[in-house]
Number of protein chains: 2
Amino acid sequence: MKLSTKGRYGLRALIDLASCEDECEVVSIQSIAERQKISESYLEQLVRLLKKAGLVTSQRGACGGYRLAKPAEQISVGDILRALEGNLDAVTCPANQDDSGAGCQDADFCVTRYVWKQINDSITLTVNSIMLDQLVQENRKLRSQGKSTGNCVN
Amino acid sequence: MKLSTKGRYGLRALIDLASCEDECEVVSIQSIAERQKISESYLEQLVRLLKKAGLVTSQRGACGGYRLAKPAEQISVGDILRALEGNLDAVTCPANQDDSGAGCQDADFCVTRYVWKQINDSITLTVNSIMLDQLVQENRKLRSQGKSTGNCVN
DNA sequence: ATCAAATCCGAGTAAATTACTCGGGATTGA
DNA sequence: TCAATCCCGAGTAATTTACTCGGATTTGAT
């Protein structure tokens with residue numbers, strides 16, 4: 001019932017990336033890793049997932065890097081976490097995957113299905129309602145309040 | 001980000017137990033395991049956790065078993081899952097554990113804290129609002145609709 | 001008193017998952 | 001041509017999960 005480092009590091013990385021967009025054309029893995037103190041090679045994997053999900057685009061070669069594929073206000077935390085962690089459902093019972101109800105032979109087992117659905121729905125609702133740009137703004141606010149670490153020196 | 005078998009089996013087991021209260025004095029591990037098709041020795045461990053959390057009481061010796069420690073309408077799914085899974089928080093950053101904010105040296109890292117809090121809060125709210133007796137009632141309803149498996153033959 | 005049925009308890013273990021590292025290839029700007 | 005960067009898959013140590021097992025203790029019934 002824990003979010004893995006993929007989700008945690010990845011969200012931080014994407015906030016970092018989004019925060020740098022004004023100042024930098026593209027943002028390199030190296031610079032994000034340095035600021036966020038995440039292993040470069042591991043972060044590379046995570047960003048790959050974000051790219052595969054269509055959240056970032058890349059520029060290869062020297063001076064290459066990543067940028068957001070769309071405006072930060074159109075990217076939800078749900079999009080990001082799903083890209084990194086896969087399905088966010090806390091429980092996936094067979095009946096939930098295809099809603100034919102097949103796979104649940106015994107209806108008795110499925111009283112719990114209601115519970116799992118409630119939990120999954122509340123998580124989904126929450127993460128879908130938080131947009132990346134809110135976090136970027138909050139990030140800027142925090143930084144302007146004296147904390148200088150994490151600045152965008154690419 | 002998945003609920004483990006502890007939480008899933010344990011909730012099912014407790015619904016089963018609660019459903020049997022009318023008919024049986026105490027309910028044995030063996031009978032729950034049989035109805036729910038869960039390994040007896042594994043289930044034993046889970047019920048131990050529920051007991052430690054004060055959700056069930058036990059009667060030792062021959063003809064022994066378990067019963068709810070309090071009425072089903074006073075036991076929430078949150079109580080049950082927390083007993084089985086430990087803390088349900090999807091992310092526990094140091095600053096959340098003691099809310100002194102210590103452990104988070106860099107405020108920049110903590111923009112994500114807001115996100116984790118929202119997720120954790122929504123999970124907590126959801127599981128705390130579902131009470132065991134609702135599930136027992138739903139269970140009875142399903143059973144009366146023809147499904148005979150899972151009946152309480154202790 | 002004995003026995004069987006049950007709860008209790010801790011240790012051990014195989015399988016799965018996580019959290020990475022590593023080596024090398026491909027692309028691009030200077 | 002070179003260095004910086006993205007791209008990609010394979011491998012691996014550590015951790016967690018999902019159990020099993022052996023045995024001790026309690027208790028009701030014969």
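Heavy-atom basis, side chains included; hydrogens, waters and symmetry copies ignored. Sequence lines set the chain letters: A, B, ... in the order given, protein chains first and strands last, and positions in each chain run from 1. All figures in this text were calculated on a predicted structure; none of them were measured in a lab.
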B:Ile29 side-chain proximity, nearest of D:dC21, C:dT7, C:dA5: C:dT7

No-hydrogen, no-angle side-chain donor-acceptor test under 3.5 Å, A:Asp79 and A:Ser76: yes

Out of D:dT27, D:dA18, D:dG9, whichever nucleotide has its closest atom nearest the side chain of B:Tyr42: D:dA18

Touch class at under 4.0 angstrom, heavy-atom based, for A:Gly64 against every strand present: sugar-phosphate

Pair of N/O donor and acceptor under 3.5 Å linking D:dC8 base with A:Glu44 side chain: yes

Of the listed nucleotides C:dG29, C:dA19, C:dA6, the one nearest the side chain of A:Thr5: C:dA19

Candidates D:dT20, C:dA19, C:dT7 - which lies nearest the side chain of B:Ser39: D:dT20

Among C:dT18, D:dC6, D:dA18, the one nearest B:Arg8 by side-chain distance: D:dA18

Among D:dT26, D:dC8, C:dC9, the one nearest B:Arg60 by side-chain distance: D:dT26

Sugar-phosphate, base or nothing in reach of B:Gln45, heavy atoms under 4.0 Å: base

OP1 or OP2 of D:dT5 under 4.0 Å from side-chain N/O of A:Gln30: yes

Nearest-neighbour nucleotide for the A:Tyr66 side chain, C:dT21, D:dA18, D:dC6 considered: D:dC6

Any side-chain heavy-atom pair of A:Leu14 and A:Val56 under 4.5 Å: yes

